[in-house]
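Sharing a structure, written as structure tokens. Questions coming.
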Number of protein chains: 2
Amino acid sequence: MSLETPRVSSSAEEYLLTLYRLETSNERAGSSQLAKMFGVKAPSVTGMLRRLGERGWVRYQRYRPPELTDEGRRIAVRLVRRHRLLETFLVQFLDYSWDEVHEEVQQLEHTVSEKLLERIDIKLGRPRYDPHGDPIPGQDGRLPSHRLIPLTRLQEGGRAQVSRVDNRSRHLLTVLGEIGAYPGTSVTRLRTRRNGQLSLRVGRREIQLDGDIARLIWVKPNRAPVAMQARERGM
Amino acid sequence: MSLETPRVSSSAEEYLLTLYRLETSNERAGSSQLAKMFGVKAPSVTGMLRRLGERGWVRYQRYRPPELTDEGRRIAVRLVRRHRLLETFLVQFLDYSWDEVHEEVQQLEHTVSEKLLERIDIKLGRPRYDPHGDPIPGQDGRLPSHRLIPLTRLQEGGRAQVSRVDNRSRHLLTVLGEIGAYPGTSVTRLRTRRNGQLSLRVGRREIQLDGDIARLIWVKPNRAPVAMQARERGM
DNA sequence: CGCTAAAGTTAGGCTTGTCGAACTTAGCAT
DNA sequence: ATGCTAAGTTCGACAAGCCTAACTTTAGCG
Ligand SMILES: [Mn+2]
Ligand SMILES: [Mn+2]
Ligand SMILES: [Mn+2]
Ligand SMILES: [Mn+2]
């Protein structure tokens, strides 16, 4: 049990985070794909994977996709916690909008101390979800989880609560923000009109959404049962 | 006029800041003294000074104490601004005490974006002084300045407002915090009792301070004129 | 089954920032 | 004036991260 915190570099953390995200979504990526994600060339990835392997944070064998070790995953989850708490803080206390907050946190998340994070957590009242509805891991690394379905699988006439919004596109968040599709908002799905589109009632407004967009909004249905088709492909 | 902000590394910023502080207090230091300040060995300093010289942030000639260029000084002042705004924010919004805040900000100050800093500045109402009473440079790099005297030069019977407290010793801040010697506090100097000590009324309490400590408290006298001896040595 | 293109790695180089060991300079003290 | 010591520099090394160019492996396809 060393007293020295082994100090993980920002880059190393970023790699571990990406590996964690991939693992979570059951994807796997090789060096060149990872390289694209980091805006770096392939040999840099090979080198980093080797170093991460030496430190015991990933299991890496040449030509095979890398895997996180438990320790590596722990580091990643701690980073996720910092990321999401910081996002929440910026939105609640510094008037950031949910579409600008992710970018802002990219650097900060690697720098913020345990102490500061704890104060932020307290000020926020130990929130369990971030502004996009993503769960915030606890200090123990556990994630709150709830069963959500994409809006596209809500049955027509069904009411639900928006609970999570995919935050991969900033533009999308802006659009959804205009609609008012923040976590906590109640929506009702109306009869579908046009092919590929989906009608929604949000408050008094009625809205048409493309399937591509609707798929990125996750909801918790109110009582009413979900249309339970055989498992949908690809999600 | 390049669009690329030339990105100054944390280390470089730290060097420039130290050089700036030295310049401000009319001290000069060579490589080994700087090395001690950074917790680094002398050859590292030589190397860094050379690089800072190449970038035009210091004027450096071997064997001579380095000097900041205008550009180097600007970078330092911007860092001072970030540092002091962050300190103020942590104290006002996250319940930090003034004796722990300096440490906390050491990393953060190099990471925080212009945007975040601006939001913090707004939230704080564009404060002009930090929790220790140190002036916060504006975006233009100008420092608010007021004429202060050390408590030791306040005449007996004189009333004054604590305005700045030297923050070089964390322990000292703790002590002064217990006394309640925060900027804004009104104090009256009483007749001196013992040699080297100084009596003070703070609210209803009466307090004895060693000269060493009193010298680190800077006050703004209320109306009453200051005992104007020939310029004191060393301060 | 064998070829080829894509994916991945290796080799060698660069920058920043650090170090220890060895050398040089400056400045003081006799 | 000269010599000694402390301050300062140079040299060679190392680690992290990144790059390009060249090589190797994998895997898909005919
Ligand atoms: Mn990041
Ligand atoms: Mn988020
Ligand atoms: Mn710092
Ligand atoms: Mn301060």
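Labels below follow one simple rule: chain letters A, B, ... track the order of the sequence lines, proteins then strands, and each chain is numbered from 1. Just so it is clear, the values below take in all heavy atoms, side chains as well, and ignore hydrogens, waters and symmetry mates.
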Below 4.0 Å: OP1/OP2 of C:dT16 and any side-chain N or O of B:Ser11: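 So the side-chain polar atoms of B:Ser11 never come under 4.0 Å of the phosphate oxygens OP1 or OP2 of C:dT16.
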message: For a quick check of understanding: with a heavy-atom distance under 4.0 Å over all strands, which category does A:Val40 fall into, base, sugar-phosphate or nothing?
response: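 If one applies the 4.0 Å heavy-atom cut-off, A:Val40 turns out to touch the sugar-phosphate alone, with no base involved.
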task: Could you say whether B:Glu54 or B:Ala42 is positioned toward the 5' end of DNA chain C, judged by the nucleotide with the nearest heavy atom to each?
output: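 So the residue in question is B:Glu54.
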task: Assign A:Gly30 to base, sugar-phosphate, or nothing according to its heavy-atom contacts below 4.0 angstrom with the strands shown.
output: sugar-phosphate
query: Just wondering, are more than 12 heavy atoms of other shown residues or ligands nearer than 6.0 Å to CZ in A:Arg59?
result: yes
C:dT25 phosphate, OP1 or OP2, under 4.0 Å from B:Arg62 side-chain N/O: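 Result: no.
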- prompt: At their closest point, which heavy atom of B:Leu172 faces which heavy atom of B:Asp166, and how far apart are they?
  reply: CD2-O, 4.0 Å
Range on DNA chain D touched by chain B, heavy atoms, distance below 4.0 Å: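 From 5' to 3', the first and last contacting nucleotides are D:dA7 to D:dT10.
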task: For B:Tyr60, answer base if it contacts any base atom (sugar-phosphate contacts may also be present), sugar-phosphate if it contacts only those atoms, and nothing otherwise; contact means non-hydrogen atoms under 4.0 Å.
output: sugar-phosphate
task: Identify whether any heavy atom of A:Thr46 sits under 4.0 Å from a base atom; if not, whether one sits that close to sugar-phosphate; answer base, sugar-phosphate or nothing.
output: base
- prompt: Any idea which heavy atoms bring A:Leu52 and A:Ala12 closest together, and the distance?
  reply: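 Heavy-atom minimum between the residues: CD2-CB, 3.8 Å.
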statement: Between A:Pro43 and A:Ser10, whichever has its closest DNA chain D nucleotide further toward 5' is A:Ser10
task: Heavy atoms only: give me the nearest A:Ser44-A:Tyr15 pair and the separation to one decimal.
output: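 Nearest heavy atoms, A:Ser44 then A:Tyr15: O-OH, 3.9 Å.
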query: Touch check for A:Ser44, heavy atoms < 4.0 angstrom, all strands: base, sugar-phosphate only, or nothing?
result: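 Base contact - A:Ser44 has a heavy atom under 4.0 Å of at least one base atom.
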query: Within this structure, what is the OH-to-P distance between A:Tyr63 and C:dA6, rounded to whole angstrom?
result: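 Rounded to the whole Å, the gap is 17 Å.
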A:Tyr96 and A:His102: CA distance, side-chain angles, deciding distance, ring pair (Phe, Tyr, Trp, His ring centres under 6.0 Å) verdict: CA-CA 10 Å; A:Tyr96 273 78; A:His102 178 81; over 10 Å; no
query: Starting at CZ of B:Arg64 and ending at P of C:dA26, how long is that distance when rounded to a whole Å?
result: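 These atoms are roughly 8 Å apart.
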- request: Name all pairs fulfilling the salt bridge (Lys or Arg N to Asp or Glu O under 4.0 Å) condition that reach into residues 90-100 of chain A, sequence neighbours left out, sorted by first residue then second.
  value: A:Asp95-B:Lys123, A:Glu100-B:Lys115, A:Glu100-B:Arg119
- request: Kindly assign one of parallel, tilted or perpendicular to the pair B:His132 and B:Trp98, based on the angle between their ring planes and the thresholds 30° and 60°.
  value: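 Answer is parallel, since the angle falls under 30°.
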